[in-house]
Amino acid sequence: MPKLDPSQLRAADPLQPWYYLHNARTLINHCYQLYSDLLTPWQQQWSAWQALGQEAQALLVRMLMRKGELFFARQLIYSEIKHPEQALAELQALDWLEPDPEVSQAELANCLTLAQVKELLAQRLGRVPSKLRANTWLGLLPADTAEHQAWSAWWPQGPRLYRVKHQLWWQELQLLFFGNAHQDMTDFVLSELQTRRYEPLPWHPDNRPFANREQLLLYQQLNTLAKALEAGEPVCAIAAQLMALPELGWMTHSRDKLMLRLGLEAQRQGNLELAEQLWHTSQHPEAKVRLLRLLKPRLRAAELVALGLELRQGVQQPEYWLALERVIWPRQPLEQRQWLGQALTAPKVTSLVLAKGEQRVEQQVLQAMAQQGWQGQHVENHLFVGLFALCFWPAIFAPVKGAFFNPFQDRPRDLFHPDFASRRQDIMADCWQQWQREDYRQLLLERWQAKQGTACSLIHWPKLPLTLVEQALACIAKEHLTAIFTRLWQDLRHHSRGLPDLILFDQQGNYQLMEVKSPTDRLQDQQRLWLAFMQQQGIPACVCQVRWQ
DNA sequence: ACAGTACAGTTATCC
DNA sequence: CTGTCCACAG
DNA sequence: GGATAACTGTACCTGTGGACAG
Ligand SMILES: [Mn+2]
Ligand SMILES: [Mn+2]
């Protein structure tokens, strides 16, 4: 059985020699033992990997973890690998390494230093141009130069060059192990160095990120298309591929987000038709707002309202209702808008005149309030979302089936899913029950002590010092916190944004929240909604409108 | 519904 | 020569 | 002059050394 308990992966500081090899073995073994049904195209690689000696495995891992596929022999010297020549020969024999590979012009430009380019050009052209720039010297080659040539043909007397093979194998294993494309081997290292600590979780063989190979491939396709958009490839081509994807299951949201972004790019390029099509297909609420705005010039007032109402049906989040309303009735005060069911209470606003300084405006307001006897912190979302996470920690990290599949997760996969709480009813009930107890403050402080530093996506530990938690628990009424937690559970993704900038405490144990606005800044919708909610709940919150001078 | 996200600051444009 | 960037390392 | 949209910057481990541009 693979060992997935982070505490067992943790080593003394500094790292052991061969740490990267051990990490790679952990990853590879884990994948082949648990996901062998997803790795059918890569069966030979398993035995070819097993057949390698320690130094050859180590050298391979070193190469796979570096950027690109091409390496000069002199770049493959590592102190722990005593016999690099033997390792290279082994890798070559088992088809991990290609000596004297075919190299494209782009690859050539990438792997050579300018000093090497000088030598190469001297041989090929018989002269060395005086000015050599990294991104233009390829143009000095004769126009009929082949796009691809064997390395030895590019530079007959040049140093030895190798191409490492099966990079796709390695990328796929990493994707399988982590279950996402954003984590990599550095997570092992950071965990071992104790730069990060992860919640230890019992491991279960049913916890797999991908149910089958099709899902894995679809994930990769989505990723490729996202990168293509980033790289500025033609939007039409990307859109065509995106539209052609089959049912994506749990990845539908990623597709919708990508369609939204692609539509923005299409609009930027003037392709309004494509933008409309993408935003029509995407179920992302922001896409509906964009769609309405795009169509607005073509519609009469009544049609606009009708379309807005229609789009509103498919959008659950009030944040986006406000945005839809703004398209239809721009510059209308919130109280006059109609769809929210109840009018949005306008927030209390206080004014403050300050001399414009170097610091951020929030810091300046803090100082000004300190002179009026209010000590405080710039906390943004971190305080309330952090307290929330402490309170519901056992539910967040409950070992629900399918929620955790790698040892370096800072949240369960379904944290933002609407069904998150209902899948954890018992443990949620426990958390609420503990919260109702008289000694809830003590319990939360103990939780802070126990979990401090452990990675949790809802907590930024530097912004949640013990003193702040103590002060917050001492001064904020329990009903206020309960109300805030309840609203957070309604839509964790959207409601964990837009909480006020500052929390302030006075000598009598009162507190107040403050959203700071510089003259050029405006309230965002999420901030409006939180402020209105707090107003209703009797939570002391206001907007501090700063003026300069 | 699942790694891009959050917020402030700047500019341009509209009304 | 200097500062910036970025790949790499732990 | 306020509202609005669009875009940018910065943070998410830290340190080092080579390569490059000026
Ligand atoms: Mn803020
Ligand atoms: Mn603010």
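Below, each value reflects all heavy atoms present in this structure, side chains not excepted, and no hydrogens, waters or symmetry copies. Chain naming here is simple, since letters A, B, ... match the order of the sequence lines and numbering starts at 1 in each.
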Hey, does [X] reach any base, or is it just sugar-phosphate, or nothing, if we go heavy atoms under 4.0 Å?
X: A:Lys463; value: nothing
X: A:Gln409; value: nothing
X: A:Asn381; value: sugar-phosphate
X: A:Arg62; value: sugar-phosphate
X: A:Gln183; value: nothing
X: A:Leu415; value: nothing
X: A:Thr252; value: nothing
X: A:Arg261; value: nothing
X: A:Glu515; value: sugar-phosphate
X: A:Tyr219; value: nothing
X: A:Thr520; value: base
X: A:Tyr20; value: nothing
X: A:Gly179; value: nothing

Query - Close aromatic pair by centroid cut-off 6.0 Å: A:His204 and A:Phe405 - result: no
Query raised in the report: Does A:Phe388 have its ring centroid less than 6.0 Å away from the ring centroid of A:Phe392?
Result: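 Centroid distance A:Phe388-A:Phe392: below 6.0 Å, so yes.
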[X] side chain: which of [options] is closest?
X: A:Leu193; options: C:dG10, C:dA9, D:dA5; value: C:dG10
X: A:Ser518; options: B:dC7, D:dC7, B:dG9; value: B:dG9
X: A:Asp501; options: B:dA1, B:dA8, D:dC20; value: B:dA8
X: A:Thr195; options: D:dC13, D:dA5, B:dA1; value: D:dC13
X: A:Asp521; options: B:dA8, B:dA6, B:dA1; value: B:dA8
X: A:Lys67; options: D:dA21, C:dA7, B:dC7; value: C:dA7

If I take atom [atom1] in residue [X] and atom [atom2] in nucleotide [N], what distance separates them, rounded to the nearest angstrom?
X: A:Arg547; N: D:dG1; atom1: CZ; atom2: P; value: 13 Å
X: A:His378; N: D:dT10; atom1: NE2; atom2: P; value: 17 Å
X: A:Leu114; N: D:dG18; atom1: CG; atom2: C1'; value: 12 Å
X: A:Leu499; N: B:dA6; atom1: CG; atom2: P; value: 12 Å
X: A:Asn135; N: C:dC5; atom1: CG; atom2: P; value: 16 Å
X: A:His253; N: B:dG4; atom1: NE2; atom2: C1'; value: 11 Å
X: A:Asp525; N: B:dA8; atom1: CG; atom2: P; value: 13 Å
X: A:Leu222; N: B:dA3; atom1: CG; atom2: P; value: 13 Å

[N] OP1/OP2 closer than 4.0 Å to side-chain N/O of [X]:
X: A:Thr186; N: C:dG10; result: no
X: A:Gln75; N: C:dA7; result: no
X: A:Arg290; N: D:dA6; result: yes
X: A:Arg293; N: D:dA6; result: yes
X: A:Gln363; N: B:dA8; result: no
X: A:Arg133; N: D:dG22; result: yes
X: A:Lys131; N: D:dA21; result: no
X: A:Arg522; N: D:dA3; result: yes
X: A:Lys257; N: B:dG4; result: yes
X: A:Tyr78; N: C:dA9; result: yes

Report task. For nucleotides D:dA11 and C:dT4, find the distance between their P atoms and express it as a whole number of Å. Result ->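 Looking at atom P only, D:dA11 and C:dT4 are 15 Å apart.
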Query raised in the report: Taking atom P in both D:dG9 and C:dC5, what distance in whole Å separates the two?
Result: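 About 12 Å, rounded to a whole number of Å.
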Query raised in the report: Counting only distance, no hydrogens or angles, is the base of B:dC14 paired donor-acceptor with the side chain of A:Arg331 under 3.5 Å?
Result: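 Side chain to base: pair found, below 3.5 Å.
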Query - hbond_proxy A:His182 side chain to B:dA3 base (donor-acceptor, 3.5 Å cutoff) - result: yes
[X]/[Y] ion pair, N-O < 4.0 Å:
X: A:Arg298; Y: A:Glu276; result: yes
X: A:Glu247; Y: A:Arg255; result: no
X: A:Arg326; Y: A:Asp525; result: yes
X: A:Asp501; Y: A:Lys517; result: no

Requested in this report: Write down the partner of B:dT11 under the Watson-Crick or G-U wobble criteria, each distance required to be under 3.5 Å.
Outcome: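 Looking at the geometry, B:dT11 pairs with D:dA5.
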Report summary line: Scanning all shown strands, the Watson-Crick or wobble mate of B:dA3 with both distances under 3.5 Å is none
Query raised in the report: Can you check whether A:Tyr19's main-chain N or O pairs, donor with acceptor, with A:His22's side chain at less than 3.5 Å?
Result: no
Requested in this report: Would you indicate whether A:Lys118, at its atom NZ, is surrounded by more than 12 heavy atoms from other residues, nucleotides or ligands within a distance under 6.0 Å?
Outcome: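 Open.
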Query - Criterion ring-ring contact (aromatic ring centres under 6.0 Å, His included) on A:Phe71 and A:Tyr162, from CA distance to verdict - result: CA-CA 5 Å; A:Phe71 301 100; A:Tyr162 295 96; 9.5 Å; no
Query raised in the report: Hey, which of these two, A:Glu362 or A:Arg413, hits DNA chain B nearer its 5' end, going by closest nucleotide?
Result: A:Arg413
